[in-house]
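Worksheet for the structure shown next.
A, B, ... follow the sequence lines: proteins, then strands. Residue 1 opens every chain.
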Protein chains: 2
Amino acid sequence: MSSRKAKDALFDAFSSVAKVLGSGRRAELVDVLAQGERPVDELAQEIGQSVANTSQHLQHLQRSGLVRSRRQGTRIYYRLSGSSVAELWAAIRNVAAEHVAELDKLATAYLGDRSALDTLTQAELRERMSAGDVVVLDVRPEPEFQSGHIAGAVSVPLKDLGARLRNLPDDRQVVAYCRGPYCVFANEAVQMLRLEGIPATRLEGGYPEWAAAGLPVEAAPRQE
Amino acid sequence: MSSRKAKDALFDAFSSVAKVLGSGRRAELVDVLAQGERPVDELAQEIGQSVANTSQHLQHLQRSGLVRSRRQGTRIYYRLSGSSVAELWAAIRNVAAEHVAELDKLATAYLGDRSALDTLTQAELRERMSAGDVVVLDVRPEPEFQSGHIAGAVSVPLKDLGARLRNLPDDRQVVAYCRGPYCVFANEAVQMLRLEGIPATRLEGGYPEWAAAGLPVEAAPRQE
DNA sequence: GGTATAATCAAGCAATCACTTGACTACTTG
DNA sequence: CAAGTAGTCAAGTGATTGCTTGATTATACC
């Protein structure tokens with residue numbers, strides 16, 4: 001009665017979900033896919049891996065149920081299968097931030113010294129936006145902006161920021177945001193802006209956190 | 001600037017948290033530890049593994065930051081390092097329930113047909129308890145009851161239930177609970193009680209979910 | 001129909017993992 | 001200090017994993 005075999009099989013099924021996120025590259029994929037759906041070759045470039053390897057990782061994620069795909073012409077677009085996946089990814093980062101010893105060091109090595117960079121909370125940003133005295137920059141790659149962004153934000157991918165510095169309004173403070181708490185783009189944008197003498201801060205968290213909180217978002221209509 | 005190496009290292013650190021839960025046996029350990037701290041030999045028995053293997057799994061969990069240990073005499077007690085770990089475990093079960101194809105089949109194979117078994121929500125149980133017309137049975141192993149249980153519940157480990165059937169009050173309905181939504185104990189208890197003609201149901205979820213919701217709990221004082 | 005592009009598949013290699021067995025260490029009790 | 005109990009350590013084995021390379025499939029465009 002209530003065999004150990006059935007119990008083991010059930011818990012193996014649970015752990016298969018964890019196992020698939022037990023690869024840094026697949027975790028990066030989930031982090032990018034939390035911004036919206038993307039085709040394989042773009043995902044490969046984002047995570048700096050070969051297309052073949054990225055494809056296999058994506059199929060692994062799909063077999064485990066975390067992502068789904070759809071074909072459009074020659075491209076295959078992958079997306080997270082639901083919001084619970086993004087919540088799981090957040091729970092993982094949360095545990096790591098609290099209990100993984102060297103995480104702070106690694107985050108600083110990648111993101112720079114975050115204690116020097118003051119951030120705006122979601123509530124603070126909403127207030128400033130309705131007061132109309134900030135300009136909000138979405139510094140993620142453009143496809144991510146297309147599939148969803150903070151309502152009222154302007155798309156200035158980090159790569160283009162240098163070229164577009166002159167066009168920024170200089171009467172309002174700049175707030176940059178990107179993929180989430182461990183995304184570099186916003187940090188580098190703020191640093192670049194400040195070097196130019198433009199007052200800038202970053203939003204705490206990123207687009208997925210904003211959307212999950214039910215705050216106003218908008219998206220370009222998806223072309224079918 | 002913003003090297004791929006540093007990024008990979010950061011995401012590898014995140015995925016190390018997921019990786020450690022990517023073993024069914026470690027997942028079982030976390031599920032048991034969510035009930036409270038336990039010594040190694042008891043944990044080994046709960047998950048049906050050798051002490052040596054269990055010890056290695058626990059150390060793996062500890063190196064990854066998910067659990068901590070303390071020595072008391074000859075025994076070493078392990079516990080979860082914080083509530084975020086229990087939340088992560090819940091997030092994993094959540095994703096699996098929503099997106100893993102064969103999960104329902106596996107859960108039914110282990111737990112029995114859950115559609116036949118109506119459950120009480122936390123709110124319903126609270127109401128019934130304050131009305132005083134239910135008796136609440138904690139059917140987990142006794143050490144788990146000791147380290148924390150629903151306020152007002154009675155400890156009747158599943159193993160002892162058969163012997164203690166006669167002593168149950170027959171004027172009130174019985175509600176059983178155990179470790180969580182995928183724990184068999186409560187289901188088997190309900191089944192056994194009904195065969196004896198005693199009206200019984202199980203609580204939706206288990207002790208950790210009750211405690212996480214901030215509902216009233218009590219515990220035997222821990223002997224140091 | 002032929003060519004180009006996007007993605008998958010298949011084979012292979014080094015590295016890691018889960019579990020076993022048997023020896024060893026740490027603490028308690030007599 | 002000897003004996004007993006709880007837990008860890010170390011070595012070994014078969015299985016799985018992450019990534020590479022080169023070939024193959026599916027769709028779009030000329």
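- At the phosphate of D:dC19, OP1 or OP2 sits under 4.0 Å from a side-chain N or O atom of A:His57.
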Given B:Tyr182 and A:Phe11, is the ring-ring contact (aromatic ring centres under 6.0 Å, His included) satisfied, shown in steps?
CA-CA 9 Å; B:Tyr182 297 96; A:Phe11 278 80; 8.1 Å; no
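- With respect to the salt-bridge test (charged N to carboxylate O, under 4.0 angstrom), the residues B:Glu102 and A:Arg63 do not qualify.
- As a whole-Å value, the separation of B:Glu42 CD from D:dG7 P is 8 Å.
- The backbone N or O of B:Asp104 lies less than 3.5 Å from a partner atom in the side chain of B:Thr108, making a donor-acceptor pair.
- Side chain of A:Trp210 to main chain of A:Tyr177: no donor-acceptor pair is present (N/O by atom type, distance under 3.5 Å, no hydrogens or angles).
- Comment: B:Glu37 does not engage B:Arg68 in a salt bridge, judged by the lack of any side-chain N to carboxylate O separation of less than 4.0 angstrom.
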If the sugar-phosphate is the primed atoms plus P, OP1 and OP2 and the base is the rest, what is the B/S/- string for nucleotides 25-30 of chain C, using protein heavy atoms under 4.0 Å?
-SBS--
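- Between the CG atom of B:Leu61 and the P atom of D:dT8 there is a distance of 12 Å, rounded to whole Å.
- Following rounding to the nearest Å, B:Arg63 (CZ) and C:dA18 (P) show an atom-to-atom distance of 10 Å.
- Between the side chain of A:Gln56 and the base of D:dT20, a donor-acceptor pair under 3.5 Å is found.
- Nucleic acid contact class of B:Asp41 (heavy atoms, under 4.0 Å, all strands): sugar-phosphate only.
- Regarding B:Arg70, its CZ atom lies at a distance of 16 Å from the P atom of D:dA6, rounded to whole Å.
- With rounding to whole Å, A:Gln49 atom CD is found 11 Å from D:dG18 atom P.
- For A:Arg26 and D:dG18, the shortest distance from a side-chain N or O to OP1 or OP2 is below 4.0 Å.
- Nearest to the side chain of A:Gln59, among D:dG7, C:dA7, C:dC9, sits C:dC9.
- For D:dT8, the OP1/OP2 oxygens have a side-chain nitrogen or oxygen of B:Tyr78 closer than 4.0 Å.
- A salt bridge between A:Arg179 and A:Glu46 is present, with a side-chain N of the basic residue lying under 4.0 Å from a carboxylate O of the acidic one.
- Residue-level contact check: B:Ser23 touches the backbone only, with heavy atoms under 4.0 Å from sugar-phosphate atoms and none from bases.
- Between B:Arg75 atom CZ and D:dT5 atom C1' there is a gap of 9 Å when expressed in whole angstrom units.
- When each of B:Ala52 and A:Ala52 is assigned the nucleotide of DNA chain D bearing its nearest heavy atom, the one mapping closer to the 5' terminus is B:Ala52.
- Rounded to whole angstrom, the span from the CZ atom of A:Arg38 across to the C1' atom of C:dA6 amounts to 15 Å.
- Between D:dG7 and B:Ser55, no contact under 4.0 Å exists linking OP1 or OP2 to a side-chain N or O.
- The side chain of B:Ser50 lies closest to C:dT20 when the candidates are C:dT20, C:dA18, C:dC19.
- A straight line from CG of B:Asn53 to C1' of D:dT13 spans 14 Å, rounded to a whole angstrom.
- Each of A:Lys19 and B:Ile76 was assigned the nucleotide of DNA chain D with the nearest heavy atom; the assignment lying further toward the 5' end belongs to B:Ile76.
- By the 4.0 Å N-to-carboxylate-O rule, B:Lys5 lies too far from B:Asp12 to be salt-bridged with it.
- Counting only distance, with no hydrogens or angles, the side chain of B:Arg26 and the backbone of B:His57 share no donor-acceptor pair below 3.5 Å.
- Residue contacts for A:Val40: at a heavy-atom cut-off of 4.0 Å it reaches the sugar-phosphate backbone alone, with no base atom in range.
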